[in-house]
Every structure is written in C-alpha cells, then in structure tokens.
Amino acid sequence: YNADAFTLPDGSVLEDVLKAMPGVEVNSNGEIKVNGRKVDVLQLDGKDFLSGGTEMLLKNLPHYTVDQVQVFEQDELGARLVGAHSLEKEYTLNVTLKKQYKIGWLGNIELAGGLPTGKHDDARYLARTFVTRFSEQSRLMASAMSNNINNNSYNNRESWDDDDIIPTDLQRHNYLSLMYSVYDRQERYEDNIYLSGRWTRTESESRQSSLTYLTHGDTWSRLHHTGLSNNLAGYFCNRFVLKKPFALHLITELNYNHRESNGLSRSAQFYADPSSYGDVVAVMDSLMQNPFQSGISSITLSKSRSESLQNGTDWSFKQEVNYNKRTASGDRLYISPVFMHKQQSGTEHNAYQLDYIQGQGKNDYRHRYNLSPSHSNQFELHANYTYNIHSELSIQFGNNLIWNLAHKEHERYRLDQTDGWSADKALGALPSTRQLLMQGFDRQNSYVEDNSKMSSRYFASLRYRH
C-alpha cells in the first residue's frame, strides 16, 4: 500500500492510515487484522517492534511520515536467525518511513485547559507529548500524557466513541512510556527496551431516589454512594537478540501494580416521602448523624451503612531464553526454557451496619477483615528438532513441558466478634494483639490452596514445501 494514496485530515496518525486501507482493521487494543487474519509482528523499516509499544506507535506516529505499508508472511525469528525455515509463519506488517524521516528528531506537544464550572469543580486540563529519534543504529520513542477529562488513550483523542465505554465517574490519567532500540553495525546483536508507567485516580458518586408501590403501603428509598480509587502500574520489557557467533534470543519482563480503593454507601427506607428534609445527601446526613433531633426518624423504617477499604500489590517476573542452532546438514535445533514468578498481597476491610429505627426488625453489625496473599512459580521447557529429509520435505518433533506450583491463602476475620470492638472503630483499624485478632478468625470460611500441575506434550509434524 502507498500511504499517500489515502487522503487523511491533519492530525492523523499511523492507526488512521491503516484503517483507511481496504481489508485492514485495528481494534482499541492495537490488534491489527488484514483480510480477517491477525497480524503477528509489526515492523518499522524492517525491524521488529516490541509488542508493548505497538499501541504507542499506532496512535502517535504522524501519518505524513509513512511511505509504504507492506503485508507478508515470514519465518519465525528463531529460524531467521540461523537462516532456516519454520513450520509456522509470522503474518507481518511492515511500515516504511519516508526518506526524510528515517534519520533525525520528530516530536509534537499538545496542551489544553478549561475553567472550573463550579466552586467544587477542578479546572480541566490535558497535556501530551510524543518524541522520536531515528538513526541507522538506534531508535528512540517517548510518549507522555496527563489529563483529568476521563481520557485514557495514548494520544488523547476521544476514547469513548462507543456507548459501552462512556465513563460514569471522574478519572485522572498520567502515563509515560519509553522505547529504545540499538542495532550493532556488524549485525551481531540488537537490544530493545520498553518501559511504561501509569497512575490513575478515579472518583465516583451516585445518588438514587426511588418509590416502591405496595398494596399495604408505599415505601421511599434513598441511596448515596461515594468511591475513590488509585492505581499505580509499571511494566518493563527487554528483548536481546544475539545473532553472532550463535543465535540467542532473551526476553525479560517485569510487571508491577499497586491499587488502593475505598467506598461508602448509605441507604434508608421510609414510610413517607423524605423530600421535605432536603436532597439525598442532606437526608442521609441527618439520618446518620442525629435522626431523632431532626425529626426524620418518625418516617424512617431502616437505615444502613456499608464502608469498604481495599489495598493490594501484584508483581510478576518472566525470563525466557530461546536458543537456535542449525547443523551442517541444514537441520534445526530449538531449546527454550522459561521461568515465571507471580506474587500478590492484599487486604480488605468491610463494615456493615443495619438499624431499624422503629424497632420492627433486628439490628445487624458486621466488620469483616480479609487477607488473600498468593504466589506461584511456573517452569517451562520447549524443545524441538527439525530434520530435513530433502529440500522440500521435513519433519519436526519435540516436547513441551510445563510445571506450575501455586499457593494461595484465604484468611477471613469477623472483627466485630472480638473483645472490646465497637462500631465506632475506624475502618482499617485492627485489634491490639494477635490473640484478640484470632478471636474473630472465621475458620469455616478460611482455607489454604496448594496446587501443583505438570503437563508434558510430545508432538511430531510433517511439512511439504513446494
């Protein structure tokens, strides 16, 4: 495809170029399909692009820098490194840049702001920058954005085109990504690094008023919910390819995620319409603080309060080694050991209180505290050998071994069942001693999981290439 053959508006990017081409589809996650077939590898000027940076390239590279878009099949990387052929082919999309953009710096910046609409509103803002530097031996790409307009896309274009993803809360997004690649002049090796970080803050509030018609008397309901969450995530990936004196492909990945959230829901049911006491928030404030003084208790059936507090951290590490060797007869040996470690820790507090104002039912109070730490290790060994019977016929046989070890704990506590605990305890507080905490241990719903799973699959396949 010739990119200049398609007329695009100013501000368009590589994604728009691809979408304009017949038979090409690009979804919101950066997945590309050509004539219904998924693209396995995205290349820029003939060099593989790390999967983590695909979306950054699609949504930021200016359309006017693109010269040609080529789609073809090629052998897998391991086979290419040793000059052999692979049974499975990689469907590849290669983007070539115009000559004047192959070497040098390229960048843009976007800034926007607005005034607050009310005394409780923050001024809206949006900031974005994208910088690239290309040379014959290196490639640098960096992207950053920050906004409080509920936009989580890489290039701050509208991210809620579909009705299904219209945001219902206030979101602040901050994102930074960096990709750097270096290529040896003598083509002995190449190294690719991708690093990204994201911090997201989400605030939510909902107010509900309802009326239920019943034969024995109508009831009015009010509900007020507020929530706040913070999420910090980071990702690192390094892909090192050694071409000489032997073929070795190393992939290292590290993921990190930390989350915190809290929520408060207050609700009540009434015999009569409580609108005369104010809006939803005013009604709930009066009912929770001093219902008898305000007089609202005379029309109240029940009130409830549910508060939650959660925090947790997840991280994972993966190391993959791919070794390829071509024998003197043209056969190919492939060995790939893989190690993965995942770890998760988190705590959850939940306090629930139900009160019947007129004494028509039994009051209830529960304060739950949950712990769910877990970790897992997975070992993999993939090996195969391709024997060439003659130039057009070959047979491949091998084995895939996977061994997974996982441990997960589910600790459940009822803090309201410990000595000296009361409903006015701050959410997040714990008993002063381990002995007191164990008084609320929920043995019936607490358990530990230990799993060990091993699988081994042998295979053989015959290939005829004409």
Side-chain angles (χ1 to χ4, degrees), residues 1 18 23-24 30-54 57 68-97 139 181-184 186-192 194 237-253 320-338 380-400 457-466:
Y1 300 97
L18 297 180
V24 180
E31 182 181 271
I32 306 171
K33 290 184 178 181
V34 179
N35 296 325
R37 182 178 175 184
K38 180 183 175 182
V39 171
D40 302 309
V41 177
L42 176 65
Q43 291 184 339
L44 186 64
D45 279 336
K47 294 182 173 64
D48 291 359
F49 216 77
L50 281 178
S51 58
T54 298
L57 181 71
Q68 300 283 334
V69 175
Q70 304 159 343
V71 182
F72 53 89
E73 283 187 340
Q74 64 174 351
D75 293 306
E76 295 175 339
L77 176 61
R80 284 183 277 143
L81 290 176
V82 295
H85 296 288
S86 59
L87 294 180
E88 301 293 333
K89 303 297 181 181
E90 293 179 339
Y91 200 40
T92 304
L93 188 147
N94 180 44
V95 177
T96 63
L97 299 178
R139 177 190 296 164
S181 302
V182 59
Y183 308 95
D184 179 53
Q186 300 178 22
E187 297 186 351
R188 295 170 298 179
Y189 66 86
E190 66 178 65
D191 197 13
N192 302 270
Y194 177 73
C237 179
N238 177 241
R239 188 186 70 177
F240 178 79
V241 179
L242 181 66
K243 303 178 181 180
K244 300 175 183 178
F246 54 88
L248 190 65
H249 179 202
L250 306 176
I251 302 176
T252 304
E253 290 183 276
E320 179 179 344
V321 180
N322 298 279
Y323 173 75
N324 289 269
K325 180 178 177 59
R326 188 179 185 185
T327 66
S329 61
D331 298 343
R332 178 189 168 210
L333 172 66
Y334 169 74
I335 301 175
S336 175
V338 181
E380 301 180 11
L381 181 61
H382 308 275
N384 62 66
Y385 187 88
T386 303
Y387 173 70
N388 294 311
I389 301 174
H390 59 74
S391 60
E392 296 181 350
L393 186 65
S394 62
I395 183 172
Q396 184 182 85
F397 51 89
N399 175 256
N400 294 323
R457 183 177 68 89
Y458 293 91
F459 64 90
S461 57
L462 187 68
R463 182 191 66 174
Y464 174 73
R465 182 165 53 91
H466 180 65

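Atoms considered below: every heavy atom in the structure, side chains included; atoms not considered: hydrogens, waters and symmetry mates.
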Item to complete: Evaluate side-chain contact (heavy atoms from CB on, under 4.5 Å) for Phe459 paired with Gln396, printing each intermediate quantity in order.
Response: CA-CA 8 Å; Phe459 64 90; Gln396 184 182 85; 3.7 Å; yes
Item to complete: Working to the nearest 0.5 Å, report the span between OH of Tyr183 and CZ of Arg139.
Response: 3.5 Å
Discussion item. Can you tell whether the side chains of Arg80 and Asp48 come within less than 4.0 Å, N to carboxylate O?
Written reply: yes
Worksheet entry | Inter-residue atom distance Tyr91.OH - Asp40.CG, 0.5 Å rounding | 9.5 Å
Worksheet, complete the sentence: Here the gap from Leu81 atom CG to Tyr323 atom OH, rounded to the nearest 0.5 Å, amounts to 12.0 Å
Worksheet item: Which distance, rounded to the nearest 0.5 Å, do you find between the NZ of Lys38 and the CD of Glu31?
Response: 4.5 Å
Worksheet item: Of all heavy-atom pairs between Arg37 and Lys89, which one has the smallest distance, and what is that distance?
Response: NH2-O, 4.2 Å
Worksheet item: Which value, rounded to the nearest 0.5 Å, describes the distance between Leu18 atom CG and Leu93 atom CG?
Response: 6.0 Å
Discussion item. Looking at Lys243, I want to see if its NZ is surrounded by more than 12 non-hydrogen atoms of other residues, nucleotides or ligands under 6.0 Å.
Written reply: yes
Practice prompt. Could you tell me whether the side chain of Asn192 and the main chain of Ser181 form a donor-acceptor pair under 3.5 Å?
Written response: no
Discussion item. Under a 3.5 Å distance rule, please check whether Asp45 uses its side chain to pair with a backbone N or O of Leu97 as donor and acceptor.
Written reply: yes
Fill in: Spatial distance of atom CZ (Phe397) from atom CG (Leu462) [nearest 0.5 Å]
12.0 Å
Discussion item. Arg332 and side chain to side chain donor-acceptor pair (under 3.5 Å): which single residue from Thr386, Asn384, Asn324 fits?
Written reply: Asn324
Worksheet item: Is a donor on one side and an acceptor on the other found under 3.5 Å between the side chain of Ser336 and the backbone of His382?
Response: no
Discussion item. I'd like to know if the side chain of Asp184 and the backbone of Glu190 have a donor-acceptor N/O pair within less than 3.5 Å.
Written reply: no
Discussion item. Between Arg326 and Asp331, does any side-chain N to carboxylate O distance fall below 4.0 Å?
Written reply: no
Worksheet item: Do the ring planes of Tyr189 and Phe240 sit parallel (below 30°), tilted (30 to 60°) or perpendicular (above 60°)?
Response: parallel
Fill in: Nearest non-hydrogen partners of Ile251 and Cys237, listed with the distance
CG2-SG, 4.4 Å
Practice prompt. Give a yes or no answer on whether the side chain of Asn238 reaches the backbone of Thr252 with a donor-acceptor pair at less than 3.5 Å.
Written response: no
Worksheet item: Between Val82 and Tyr334, does a side-chain contact (heavy atoms from CB on, under 4.5 Å) hold up when you go through it step by step?
Response: CA-CA 11 Å; Val82 295; Tyr334 169 74; over 6 Å; no
Worksheet item: Taking all atoms of both residues into account, what is the closest heavy-atom pair of Gly330 and Asn388, and its distance?
Response: O-ND2, 2.6 Å
Worksheet item: Do the side chain of Thr92 and the main chain of Glu90 share a donor and acceptor less than 3.5 angstrom apart?
Response: yes
